[in-house]
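Take a look at the structure set out below.
Along the sequence shown, residues are numbered consecutively beginning with 1. As the structure is a prediction and not an experimental result, all values here were calculated from the model.
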Amino acid sequence: MVIDDSKTIRRTAETLLKKEGCDVLTAVDGFEALAKISDQKPAIIFVDIMMPRLDGYQTCALIKNNPQFRATPVIMLSSKDGLFDKARGRIVGAEQYLTKPFTRDELLGAIHRHVSTVSSH
């Protein structure tokens with residue numbers, strides 16, 4: 001799943017991942033994502049930090065606070081490569097932090113690193 005308020009980022013990630021045979025869900029913000037996550041149970045979640053209403057940290061914290069999804073890997077996406085942001089991502093339980101613009105290899109690397117068997121999600 002890719003959660004980002006930027007249509008360009010969502011489309012880019014979706015295109016890259018679909019080419020690799022992944023099923024991709026997208027959401028424009030944390031609220032939309034949380035509804036889809038409980039229905040679809042994605043294998044891995046990429047979440048942008050800077051989003052309106054519910055930011056990436058809050059979204060990640062809500063995912064990780066739900067026992068059903070605590071083990072789901074969450075990868076933070078940010079245009080800032082700051083130590084503070086990375087530390088804050090770890091505090092809310094994120095597994096990894098990618099700086100935008102990300103590459104195809106970074107996305108796939110995160111999936112291979114955190115998803116033991118790439119399932120149909």
Results of side chain to side chain contact (heavy atoms under 4.5 Å, CB included) for K100 - residues two or more places apart only:
D4, I9, D48, L77, F102

Between D5 and R10 (salt bridge meaning N to carboxylate O under 4.0 Å), is one present in this structure?
no

Listed by chain and number, what are the side chain to side chain contact (heavy atoms under 4.5 Å, CB included) partners of T15, not counting sequence neighbours?
R11, K19

Measuring from L25:CG to I45:CD1, what's the distance to the nearest 0.5 Å?
9.5 Å

Mind checking whether L54 and L34 have side chains closer than 4.5 Å, heavy atoms only?
yes

If the condition is side-chain hydrogen bond (donor to acceptor under 3.5 Å, both in side chains), which residues does R90 pass it with, not counting sequence neighbours?
none

Considering all heavy atoms, the nearest P101-E106 contact:
O-OE1, 4.2 Å

Any chance you could measure K41, atom NZ, to K36, atom NZ, to the nearest 0.5 Å?
15.0 Å

For G93 and C60, the nearest pair of non-hydrogen atoms, with its separation, is C-SG, 4.1 Å

Please answer whether the main-chain N or O of L17 pairs with a side-chain N or O of E20 as donor and acceptor at a distance below 3.5 Å.
no

What are the two closest heavy atoms between H114 and I44, and how far apart are they?
CB-CD1, 4.2 Å

Dump the intermediate steps for side-chain contact (heavy atoms from CB on, under 4.5 Å) on T59 and M51, then the final yes or no.
CA-CA 10 Å; T59 303; M51 293 186 296; 4.0 Å; yes

Nearest 0.5 angstrom please: S79 OG to D85 CG, how far?
8.5 Å

Could you go through the side-chain hydrogen bond (donor to acceptor under 3.5 Å, both in side chains) check for Y97 and D81 one step at a time?
CA-CA 9 Å; Y97 184 102; D81 190 16; 5.5 Å; no

What heavy-atom pair brings P73 and A43 nearest, and what distance separates the two atoms?
CD-O, 3.1 Å

Residues 61-68 side chain polar contacts: donor-acceptor under 3.5 Å, at least two apart:
| unit_1 | atom_1 | unit_2 | atom_2 | d |
| --- | --- | --- | --- | --- |
| K64 | NZ | R70 | O | 3.0 |
| K64 | NZ | T72 | O | 2.8 |
| K64 | NZ | E95 | OE1 | 3.1 |
| K64 | NZ | E95 | OE2 | 3.1 |
| N65 | ND2 | A61 | O | 3.0 |
| N66 | OD1 | Q68 | N | 2.8 |

With hydrophobic residues grouped by side-chain heavy-atom distances under 4.5 Å, do V24 and L98 end up in a single group?
yes

With sequence neighbours excluded, residues passing side chain to side chain contact (heavy atoms under 4.5 Å, CB included) with A33
M1, I3, A27, I37

Heavy-atom nearest pair, S38 first then A35, reads OG-O, 3.0 Å

4.5 Å side-chain heavy-atom contact, V28 and K7:
no

Residues at least two apart in sequence or cross-chain that pass side chain to side chain contact (heavy atoms under 4.5 Å, CB included) with R53, listed by chain then number, are D29, F31

